[in-house]
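Structure first, commentary second.
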Amino acid sequence: VTALAEAVLAGDTRAAARACRVVDEAWAGHAELLSQLYAAASAAWLIGVTGSPGVGKSTLTSRLVEELRKEQLRVGVVAVDPSSPFSGGALLGDRIRMQAHWDDAEVFIRSVGTRGAMGGLSRTTADIARVLAAWGASVVLIETVGVGQDELDVMRVAHGTLVVQAPGAGDDIQAAKAGLIECADVFVVNKADLSGAESLAQQLRAMLALGHVTAGSAQRGGGHALGARLPTPSAPADAADPEWEVSVVSCVASRGEGIAELLAELRRHHAWLTGTERGRARWRQRLREELVQRLQARLGAVLFEHHRAEIDSAADEVSRGEVDPYVASAALVERWTRTAAP
Ligand SMILES: Nc1nc2c(ncn2[C@@H]2O[C@H](COP(=O)(O)OP(=O)(O)O)[C@@H](O)[C@H]2O)c(=O)[nH]1
Ligand SMILES: [Mg+2]
């Protein structure tokens, strides 16, 4: 493990590919490997790119890679394709759109095609992104389809998240899921060459303005989902420590238009995240969520392994109708927490 970690840290591409497999398939030693890579990986900038199928995420990602390569930066790309049954397999279309970078030794493209058995898709994606970061990528782009909760959870590992939308995709604001909208640090209206793009951008800006209102009501207990990551008007306006204002950038990814502007906006977001109190507090919160997720996965596994016999016999009692699952689960937890107490 240490030899592999050292090779990855030295920037060896084949070692990075191997480390990706170790992590993807949760081979023995994968946690130790990741632990050895973590410090170096923390230096990288992780950018999430999400949105419905066909809006142009892969095209946009490829253009962002191009832009970053102009600055001689090493870049990693993690394409999340949960529907793919092939481990490590990417959609053919993505391969074609990324083709420009396949023979560039400074670009590492890796797809996550399976739901990792250990802690799910978001765990695997975060870990793969960190391997690429440890290999030396200054920026890692993570492309995922914004459909299920799993795919959205993936975005939590990113410092900044782009939510891509396009006109005529049957994907106007009304159709967009609240979860997807809450992910956004920057909205991209792609396919700005098509009619309807300007109106889509206007709708998004109007929705963000509305978010100012609903975010406040969420804080007062209204619980409006939209408010979660949007600026809160009830927070005192503080010029020295501003809240991040979600913005809207228009692009024509297929022609490379608007990409430099988009990257500049992402950098502005990153400067906010790392350079302000509120930004740093948000990032700490995100790291805490990851820790809790990992704890839940590990505790669950330990618990089920350790108490398998008890769980089996409780399941038998439930199936015989001797007890209901509410009482049975409460009784087990009660017993375990009592045993665990000092
Ligand atoms: N008109 C137009 N088409 C685009 C643009 N960007 C991407 N496309 C096309 O949209 C389709 C889907 O692109 P893709 O990047 O695979 O979308 P993804 O599924 O979100 O990754 C492809 O045929 C692209 O060529 C754009 O800015 N304008
Ligand atoms: Mg794609």
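Computed from a predicted structure; not experimentally measured. Every number for a ligand or one of its atoms is a count from 1 in the order of the listing.
- For Glu143, the N/O/S atom at the shortest distance from the Mg ion (ligand 2) is named OE2.
- A salt bridge is absent between Glu257 and Arg63: the closest approach of a Lys/Arg side-chain nitrogen to an acidic carboxylate oxygen does not fall below 4.0 angstrom.
- Under the 30°/60° scheme for interplanar angles, the aromatic rings of Trp272 and Trp244 are found to be tilted.
- Residue-level proximity to ligand 1 for Glu143 is carried by the side chain, the only part with a heavy atom below 4.0 angstrom.
- A salt bridge links Arg294 and Glu290; the closest N-O separation between the charged side-chain nitrogens and carboxylate oxygens is under 4.0 Å.
- Ligand 1 is never approached by Glu257 to a heavy-atom distance shorter than 4.0 Å.
- Using a cut-off of 2.8 Å, one finds that Ser58 contributes an N/O/S atom close to the Mg ion (ligand 2).
- Residue Arg110 comes nearest to Cys20 through the heavy atom pair NH1-CB, 3.6 Å, listed as atom of the first residue, atom of the second, then distance.
- Among the atoms of Cys251, none of the N or O lies under 3.5 angstrom from an N or O of ligand 1.
- Here Asp193 has side-chain heavy atoms under 4.0 Å from ligand 1, and that is the only part of it that gets that close.
- Of the listed residues (Ser250, Ser254, Gly258), the one carrying the non-hydrogen atom nearest atom 5 (C) of ligand 1 is Ser254.
- Hydrophobic clustering (side-chain heavy atoms under 4.5 Å, transitive across Ile, Leu, Val, Met, Phe, Trp, Tyr) keeps Val252 apart from Leu60.
- Annotation: Gly56 places an N or O atom under 3.5 Å from an N or O atom of ligand 1; distance criterion only.
- Aromatic ring centroids of Trp27 and His30 lie 6.0 Å or more apart.
- Neither the backbone nor the side chain of Leu60 comes within 4.0 Å of ligand 1, counting heavy atoms alone.
- In this structure, Arg18 does not pair ionically with Asp12, as no charged nitrogen and carboxylate oxygen lie closer than 4.0 Å.
- For Gly54, the heavy-atom gap to ligand 1 drops under 4.0 angstrom.
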